[in-house]
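Notes for the one structure printed next.
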Amino acid sequence: MIPPRVREWIISVPAMAWLVVFFLIPTLVIFVIAFKPATPMGGLGEGWTLDTWRELGNPNYPDIMMRTLRLSFYCTAACILIGLPFSYYMARAAEKLQRWLLMLVIIPFWTNFLIRVFAWKAVLHPEGPLKHLLVSLGAVPPDTMLLYNEGAVLLVMVYTYLPFAIMPLYASIEKFDFSLMEAAQDLGAGRVVFFSRVFLPGIRRGIQTAVLMVLIPALGSYVIPDILGGPTSEMLGNKIAQRAFADRNLPHAAALSALLCAGVMLLLIGWGLLARHRQKRGLT
Amino acid sequence: MKSSRLPATTVWLTLLFFYLPILVLVVNSFNAHKYGGSWDGFTLKWYVRLFEDRAVWHALGNSLVVALASTIVSTVLGTVAAYAMSRFASRLQKVQYGLIYMPLIVPDILMGMSLLLFFLSVGFELGLASICVAHITFCISYVAMVVFARLQDFDYSIMEAAYDLGADSRTAVLKVLLPALAPGIAAGALLAFTLSIDDFVITFFVSGPGSSTLPVHIYSMMKHSRFMPVINALSTLLLVVTFAAVGVSQYLTTKKGNGVK
């Protein structure tokens, strides 16, 4: 009979070894290659250098970082603002309607992400239906460009990530004890007081999860600005891909990826600290 | 408190927002007008052009091969990992849980970039094999999470009962554990297959010449506007397949649910 401790190792090693080799080590490789010199042939030179990091001071980059942060932040805010009333309605609806709405939120997940982004390209196209409608309503002048700008990128980011916000919000609102609503009412609280002092704190955990679920992938957006944005709406992800494929400067691509990775880790650490702090104070 | 109209209005507007682009895409796949600006009459010519495009079929073949291979490997690895995590409560399993959880959080582009750099540094040739490795890496986590959730409800005392009745561990696993886990494993495998077929960003970073999967090929078609109506046709077909799959799985789960009740 094999001792349990050895049995545990035998069944734990396969997945762990795979993930160490193909996930953990590659992630560390990003940080290593960011300090390697680039060769003109698109390879890696000998020795170590800080040149890549100095080049990140180039005025182009702070602009792109700020745009990435700004768009991700707006997208997260919009997803929470739309997701809250949506999930509230869903959680309070009759069970059958709840199931239907849940399905309708999930189905976009099942359709290919590229195709959803592409569908928007057709909708926003200069000869497409939305432009026709807006011009005939007199809402916009005929020379308006709906595509290839920050607005188009933000719109489709919200479209793509909204289900990621609705899911955790719905899960926490569904568990919220709505008898607290009557209690608040009996104690003389109005709608605004109930919402801000009872409801929002009650579903805080769901809101935090929703923020992370939207913010992290939004920071790494690449396809949406690539297909629907123009040169003035590039994000960090576009720069990473350009450095990796168009100019074949791997250390540069690695340094930008390292920045993104550090940003994501900071968010997660912040989230962990927040959770621990609340646990200590007894507020779960 | 009077109930507000705001939530209901948000729901219906959001659903319109979700489905309008998809509707436009489907309608345009039958529209003779190239950019879908106006309705120029019904046509099937984009579908004909799609069926004549050999590259699309080649890419679809690649996608299916990759999805099948990565589903098999990741389902085995993910299921074993989930079993270890639920059976043992040790520091090792905490580390394993962390390793499995991380790929779920990291943005796709980071995973693609890190694997690209890794493959280039160790001299691993980019092609179908590198795509499979990448897909297995992110699918393990999803399979493990789905099976792990299923194992939370599993009562290990029935395994003990099997041992008491003289079963060896092989028999207990094959005859007791696996049948109880089968729906969870099937759900995990289905998820892995879907994620693999659908993935674009990670695949794009680790694919080599001639190894385009369907999403990578669709992306290269998107760069040329003359392909726009053909992509509409292709997308409509993919939507039909997706809806059929959702419908069938929905039918199967509700049917099974009724049987149990």
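Owing to the predicted nature of the structure, the values given are computational and were not obtained by experimental measurement. Chain identifiers are assigned alphabetically (A, B, ...) following the order of the sequence lines, protein sequences preceding nucleic acid strands; residue numbering begins at 1 within each chain.
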Inset, instruction - Ignoring hydrogens and angles, tell me if any N or O in the side chain of Y159(A) forms a donor-acceptor pair with the backbone of P21(B) under 3.5 Å. - result: no
Inset, instruction - Please flag which part of D198(B) lies under 4.5 Å from any non-hydrogen atom of chain A: side chain, backbone, both or neither. - result: both
Inset, instruction - May I ask you to test the L250(A)-L117(B) pair for a side-chain heavy-atom distance under 4.5 Å? - result: yes
Inset, instruction - Measure distances from M111(B) to the heavy atoms of chain A and classify the residue's part below 4.5 Å as side chain, backbone, both or neither. - result: side chain
Legend entry - Which portion of T137(B) sits near chain A, non-hydrogen atoms under 4.5 angstrom: both
Inset, instruction - May I ask you to test the V29(A)-S114(B) pair for a side-chain heavy-atom distance under 4.5 Å? - result: no
Inset, instruction - Could you look at I136(B) and say if it's the side chain, the backbone, both or neither that has a heavy atom under 4.5 Å from chain A? - result: both
Legend entry - Approximate separation, where rounding is to 0.5 Å, of L44(A) CG and L120(B) CG: 8.0 Å
Inset, instruction - Against chain B, work out which of L104(A), V264(A), L260(A), L268(A) has the most heavy-atom pairs shorter than 4.5 Å and name it. - result: L104(A)
Inset, instruction - Taking all heavy atoms of F17(B) and all of V158(A), pick out the closest pair and write down the distance. - result: CE2-CG1, 4.4 Å
Inset, instruction - Please round to the nearest 0.5 Å and tell me the distance separating atom OG of S74(B) and atom CH2 of W18(A). - result: 9.0 Å
Legend entry - Per-residue contact mode, L25(B) against chain A (heavy atom under 4.5 angstrom): side chain
Inset, instruction - Could you tell me which non-hydrogen atom of S257(A) sits nearest to which non-hydrogen atom of L110(B), and how far apart they are? - result: O-CD2, 3.2 Å
Legend entry - Among L124(A), T27(A), I115(A), V223(A), residue most engaged with chain B (heavy-atom pairs, under 4.5 Å): I115(A)
Inset, instruction - Measure the CZ-OG distance between R116(A) and S235(B) for me, rounded to the nearest 0.5 Å. - result: 11.5 Å
Legend entry - Minimum-distance pair of heavy atoms, taken over all atoms of F118(B) and V21(A): CZ-O, 3.6 Å
Legend entry - Interchain contact, L115(B) with chain A, by part (heavy-atom threshold 4.5 Å): both
Inset, instruction - Report the option among L28(A), I30(A), L114(A), L256(A) that has the most heavy-atom pairs separated by less than 4.5 Å from atoms of chain B. - result: L114(A)
Legend entry - Proximity of F18(B) and W120(A) rings by center, below 6.0 Å: no
Inset, instruction - Check each atom of L155(A) against the heavy atoms of chain B and say whether the ones under 4.5 Å are side chain, backbone, both or neither. - result: both
Inset, instruction - Check each atom of F205(B) against the heavy atoms of chain A and say whether the ones under 4.5 Å are side chain, backbone, both or neither. - result: both
Inset, instruction - Could you check I107(A) against F243(B) for side-chain contact (heavy atoms from CB on, under 4.5 Å), going step by step and ending with a plain yes or no? - result: CA-CA 8 Å; I107(A) 286 174; F243(B) 278 73; 3.5 Å; yes
Inset, instruction - Could you check Y89(A) against W12(B) for side-chain contact (heavy atoms from CB on, under 4.5 Å), going step by step and ending with a plain yes or no? - result: CA-CA 10 Å; Y89(A) 183 81; W12(B) 303 117; 4.1 Å; yes
Legend entry - Contact check, side chains of M228(B) and H125(A), non-hydrogen atoms, under 4.5 Å: yes
Inset, instruction - For S12(A) and Q96(B), work out which heavy atoms get closest and say how close. - result: O-OE1, 3.1 Å
Inset, instruction - Check each atom of I100(B) against the heavy atoms of chain A and say whether the ones under 4.5 Å are side chain, backbone, both or neither. - result: both
Legend entry - Note, L20(B) side chain near L130(A) side chain (heavy atom, < 4.5 Å): no
Legend entry - Which atom of Y88(A) lies closest to which atom of P7(B), heavy atoms considered: CD2-CG, 3.8 Å
Inset, instruction - Kindly say whether the aromatic ring centers of F245(A) and F204(B) come within a distance under 6.0 Å. - result: yes
Legend entry - Sub-4.5 Å side-chain heavy-atom contact between K223(B) and D226(A): yes
Legend entry - Most chain B-contacting option - heavy-atom pairs closer than 4.5 Å, from C261(A), A244(A), G43(A): C261(A)
Inset, instruction - Can you tell which part of V201(B) gets under 4.5 Å to a heavy atom of chain A, answering side chain, backbone, both or neither? - result: side chain
Inset, instruction - Indicate whether any N or O donor in one side chain lies under 3.5 Å from an N or O acceptor in the other, for D108(B) and Y222(A). - result: no
Legend entry - Part of L238(B) lying under 4.5 Å from any heavy atom of chain A: side chain
Inset, instruction - Let me know if Y219(B) has heavy atoms under 4.5 Å from chain A in its side chain, its backbone, both or neither. - result: both
Legend entry - Heavy-atom check, side chain of N112(A) versus side chain of P215(B), under 4.5 Å: yes
Inset, instruction - Kindly compute the distance separating CD1 (I11(A)) from CD (Q93(B)), expressed to the nearest 0.5 Å. - result: 7.0 Å
Legend entry - Residue part contacting chain A, namely of V24(B), when any heavy atom lies under 4.5 Å: side chain
Inset, instruction - Would you mind checking which part of I140(B) comes under 4.5 Å of any heavy atom in chain A, side chain (CB onward), backbone (N, CA, C, O), both or neither? - result: side chain
Legend entry - Min side-chain heavy-atom separation P107(B)-L219(A) under 4.5 Å: no
Inset, instruction - Examine whether an atom of I105(B) lies under 4.5 Å from a heavy atom of chain A, and if so say whether it belongs to the side chain, the backbone or both; otherwise answer neither. - result: both
Legend entry - Full working for side-chain contact (heavy atoms from CB on, under 4.5 Å) between V11(B) and M90(A): CA-CA 8 Å; V11(B) 167; M90(A) 205 155 99; 5.9 Å; no
Inset, instruction - Run the numbers on E8(A) and R87(B) for side-chain contact (heavy atoms from CB on, under 4.5 Å), then give the verdict. - result: CA-CA 9 Å; E8(A) 182 189 351; R87(B) 190 77 227 244; over 6 Å; no
Inset, instruction - Considering non-hydrogen atoms only, spot the tightest contact between N232(B) and F118(A) and give its length. - result: OD1-CE2, 3.2 Å
Inset, instruction - Starting at OG1 of T14(B), measure out to CZ of F86(A) and round the result to the nearest 0.5 Å. - result: 5.5 Å
Inset, instruction - Check whether I10(A) gets within reach of chain B through its side chain, its backbone, both or neither, counting any heavy atom under 4.5 Å. - result: neither
Inset, instruction - Give, as side chain, backbone, both or neither, the part of I33(A) having an atom under 4.5 angstrom from any heavy atom of chain B. - result: side chain
Inset, instruction - Please check if atom NZ in K96(A) has more than 12 non-hydrogen atoms from other residues, nucleotides or ligands closer than 6.0 Å. - result: no
